[in-house]
Structures are given as structure tokens and as C-alpha cells.
A.B. asks: 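To start, I am sharing the structure in question, which I have written as C-alpha cells.
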Amino acid sequence: MSGSILVIGATGSIGGAIASHLPTDGFEVTLSGRSAEKLNILSIDGAEQKIVADLSTEEGRQALVASSPELDGVVFAAGVAPLAPVRYLKEVDLEACFQLNACMPLLLVRDLLKAKKINKGASIVFLSSVSASKGAVGYAAYSGSKAALEASARCLAVELAPKGIRVNCIAPGMVESDMSDGFAENASADALEAHAKAYPLGVGRPQDVVGAVSFLLSDASRWITGVTLPVDGGFTI
Ligand SMILES: NC(=O)c1ccc[n+]([C@@H]2O[C@H](COP(=O)([O-])OP(=O)(O)OC[C@H]3O[C@@H](n4cnc5c(N)ncnc54)[C@H](OP(=O)(O)O)[C@@H]3O)[C@@H](O)[C@H]2O)c1
């Protein structure tokens with residue numbers, strides 16, 4: 001496999017695992033994260049470039065697009081999950097969640113296309129979540145943002161098919177990470193144990209997601225577009 005891939009959210013648990021793995025499959029990776037400190041300490045053989053970009057700002061998005069090389073693939077693994085029952089949901093958190101999880105992937109792809117940074121035949125992979133299709137207390141903002149992302153990805157897949165550009169989502173179940181640690185802080189030990197039991201193959205690790213991402217970036221999936229692939233240890237069976 002070969003090609004130049006931009007991994008957004010490379011400073012996160014899942015994005016970091018993806019970025020570390022892709023060079024072993026033959027891809028060249030450009031790493032992006034919000035935190036300069038975390039990005040600087042990332043040491044990945046085969047990582048060509050690092051771009052610090054806070055995607056909550058217009059400047060951050062513009063800097064990322066301007067600094068990106070020409071791309072054969074984009075992995076959008078940045079995300080936030082403000083959990084709260086709707087009664088306690090803050091408007092600012094709801095807006096930030098939709099902005100980063102649902103709006104930013106589209107705006108970034110728009111700007112990368114306008115800047116001619118996405119090559120014909122490229123593959124775009126968005127990190128969604130099983131939460132897009134499951135109801136759970138406290139998840140209204142997060143689940144809604146991921147459902148919007150999946151719906152938008154299907155439309156983008158149709159729009160970009162004439163250029164041979166594919167657009168797919170991966171929907172992980174609960175993966176041990178900084179984000180799931182945040183989920184755990186909001187749940188009782190009993191609720192967490194019950195949730196873990198709903199995974200026939202057990203709860204996942206960030207490394208359990210990387211194979212599916214690499215497959216969707218590769219030519220092995222050249223006839224697959226507009227799908228959401230669950231990677232969830234059987235949670236949604
Ligand atoms: N963990 C799970 O159980 C799980 C399950 C299903 C789906 N997912 C999805 O998988 C993706 C990765 O999750 P994760 O578990 O790896 O989360 P994580 O460890 O918390 O990482 C989140 C990433 O998002 C970046 N980020 C947050 N706000 C940003 C902003 N304003 N601008 C740019 N980057 C920003 C962070 O950058 P910095 O670190 O540099 O601040 C970090 O790289 C997310 O889309 C998440 O919704 C996770």
C-alpha cells in the first residue's frame with residue numbers, strides 16, 4: 001500500500017494508534033493535533049510532517065489546509081464528547097460538539113478540495129461511533145453529532161464518486177482511551193460493568209480500530225463508499 005495520509009486527531013488515543021500503524025502498511029503520514037506539546041512528543045517512523053491546528057477556530061482550519069501536502073487519504077479522528085442529560089446540557093457544549101464532530105469534517109474536506117489537496121482516487125475515513133445508532137442517557141449531543149456525520153458522509157460519497165474519491169465512516173464501540181475514561185467518570189461501576197458485558201468480544205483497545213481504517217484507505221476497498229463499518233466487538237449485533 002502507498003499514499004500520503006493526513007491523520008487529524010493524531011494526538012488522541014485512537015488517532016495515535018492509527019498514525020503509528022499506517023507507516024507499517026506503507027503509507028506516509030502527516031500528523032495533526034490541537035496540542036503542540038502532545039504532537040511534539042509523538043515519535044512515529046514514517047511520519048513526514050506535523051501540523052498543530054485547533055479546529056475550533058477558523059485560523060486553525062486554514063493553517064491545516066495550507067500546510068497539508070497533496071493527499072491520497074484523510075482520517076478524521078478528532079472529536080469531543082460532552083456527556084450530560086439534556087436537562088443539564090449547556091448550549092456552548094452542544095454547539096462545540098456539533099462543530100467539531102459534524103461540521104468540521106465537512107468544512108475541512110471542502111477547503112482541502114478547493115485547495116486541490118485531495119487527489120483523485122483518494123479515500124476519506126471519518127471516525128463515527130456506535131452511539132450514532134443507539135440511545136443512551138447523556139449522549140444526545142454526541143450521538144446526534146455522529147449521526148449527522150454519517151448522514152453527511154453518505155452525501156459526500158455520492159458527490160465525490162465521479163472523482164473516484166471514497167468516503168466512509170468507522171463506528172467503534174467503547175475503546176479504552178482518554179475519551180472513554182471521561183465516559184467512565186459519568187457512570188457508576190455497576191453501569192460500566194453492565195456495558196462492558198454487552199460486548200461479545202470484550203471492550204476494545206485503540207489498536208483494534210486501525211486495521212479497519214487501513215483497509216478503507218487502501219485499494220482493497222476500492223469499490224466501497226458511503227458505508228459505516230461497525231468496529232465494536234459485536235456490540236451492535
Ligand atoms: N474512545 C471511544 O470509546 C470511542 C468510541 C467511538 C468513537 N470514538 C471516536 O473516535 C475518535 C477518537 O476518539 P479518542 O477516543 O481517540 O479520543 P481522545 O483520545 O480524547 O482524542 C481526541 C482527539 O481530538 C482532538 N481534538 C479535540 N478537540 C480538538 C480541536 N478543537 N481541534 C483539533 N483537535 C481536537 C484531540 O487533540 P489534542 O489531544 O491535541 O487536544 C485528540 O487528538 C473521536 O471522533 C471519537 O468520537 C471514540
Side-chain angles (χ1 to χ4, degrees), residues 6-21 29-42 44 50-65 67 74-83 92-93 95-105 107-108 124-134 136 139 141-150 153 169-187 192 195-196 198-199 202-210 212-213 228-233 235-236:
L6 171 63
V7 181
I8 299 156
T11 47
S13 309
I14 295 177
I18 293 166
S20 302
H21 175 83
V29 292
T30 297
L31 312 175
S32 181
R34 172 178 53 176
S35 156
E37 197 184 339
K38 287 194 211 167
L39 200 59
N40 284 338
I41 57 173
L42 266 186
I44 295 175
K50 295 179 181 180
I51 308 168
V52 179
D54 181 345
L55 295 176
S56 64
T57 67
E58 171 79 25
E59 304 79 60
R61 191 172 83 234
Q62 283 179 6
L64 179 52
V65 172
S67 304
V74 179
V75 180
F76 195 97
V80 286
L83 301 188
V92 64
D93 290 340
E95 285 175 2
C97 181
F98 270 79
Q99 161 70 8
L100 183 64
N101 295 1
C103 300
M104 194 47 58
L107 293 173
L108 253 181
I124 297 169
V125 180
F126 295 136
L127 267 290
S128 180
S129 166
V130 292
S131 299
S133 53
K134 286 271 187 182
Y139 281 71
Y142 182 69
S143 297
S145 71
K146 294 298 189 180
L149 174 65
E150 290 183 10
C169 293
I170 299 267
M174 191 161 76
V175 169
E176 291 162 3
S177 72
D178 293 348
M179 187 176 279
S180 61
D181 288 349
F183 300 156
E185 281 166 19
N186 287 280
L192 276 178
H195 185 69
Y199 289 80
V203 169
R205 303 159 304 155
Q207 293 84 343
D208 293 324
V209 178
V210 302
V213 175
T228 295
L229 177 62
V231 180
D232 64 1
F235 178 72
T236 48

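Order of listing sets the numbers, starting from 1, for every ligand and every atom in it. Computed from a predicted model, the values in this text were never measured in an experiment.
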A.B. asks: Before signing off on this row, confirm whether Leu100 and ligand 1 have an N or O atom pair separated by under 3.5 Å.
C.D. replies: no
A.B. asks: Would Ile14 count as being in polar contact with ligand 1, using the rule that some N or O on each side must be under 3.5 angstrom apart?
C.D. replies: yes
A.B. asks: Could you tell me whether ligand 1 has any atom less than 4.0 Å away from a heavy atom of Lys146?
C.D. replies: yes
A.B. asks: I'd like the name of whichever of Ile170, Leu42, Thr11 reaches closest to atom 38 (P) of ligand 1 through any heavy atom.
C.D. replies: Thr11
A.B. asks: For atom 12 (C) of ligand 1, which candidate among Ala77, Ala10, Ser56 holds the nearest heavy atom?
C.D. replies: Ala77
A.B. asks: If you measure every N/O of Leu55 against every N/O of ligand 1, is any gap under 3.5 Å?
C.D. replies: yes
A.B. asks: Of all the non-hydrogen atoms in the protein, which one sits nearest to atom 22 (C) of ligand 1, and at what distance?
C.D. replies: Gly79 O, 3.7 Å
A.B. asks: Which word best sums up how the rings of Phe76 and Phe126 line up, parallel for under 30°, tilted for 30 to 60°, or perpendicular for over 60°?
C.D. replies: perpendicular
A.B. asks: Looking at ligand 1, does any of its N/O atoms fall within less than 3.5 Å of an N/O of Pro172?
C.D. replies: no
A.B. asks: If we only consider heavy atoms of Gly173, is any one of them less than 4.0 Å away from an atom in ligand 1?
C.D. replies: yes
A.B. asks: Give me the nearest non-hydrogen protein atom to atom 19 (O) of ligand 1 as residue plus atom name, then the distance to 0.1 Å.
C.D. replies: Ser13 N, 2.9 Å
A.B. asks: Within the structure, does Ser129 bring an N/O atom to less than 3.5 angstrom of an N/O atom in ligand 1?
C.D. replies: no
A.B. asks: Which residue holds the protein heavy atom closest to atom 21 (O) of ligand 1, what is that atom called, and what is the gap in Å?
C.D. replies: Gly12 CA, 3.3 Å
A.B. asks: If I apply the N/O under 3.5 Å rule, does Ala78 come out as touching ligand 1?
C.D. replies: yes
A.B. asks: Out of curiosity, is Ala53 lining ligand 1, as in a heavy atom under 4.0 Å away?
C.D. replies: yes
A.B. asks: Examine ligand 1 and decide if any of its atoms is less than 4.0 Å from a heavy atom belonging to Gly204.
C.D. replies: no
A.B. asks: Is the shortest distance from a heavy atom of Tyr142 to ligand 1 less than 4.0 Å?
C.D. replies: yes
A.B. asks: Would you say Gly9 and ligand 1 have an N/O pair spaced under 3.5 Å apart?
C.D. replies: yes
A.B. asks: Would you check the N or O atoms of Val175, main chain and side chain alike, for any that come under 3.5 Å of an N or O of ligand 1?
C.D. replies: yes
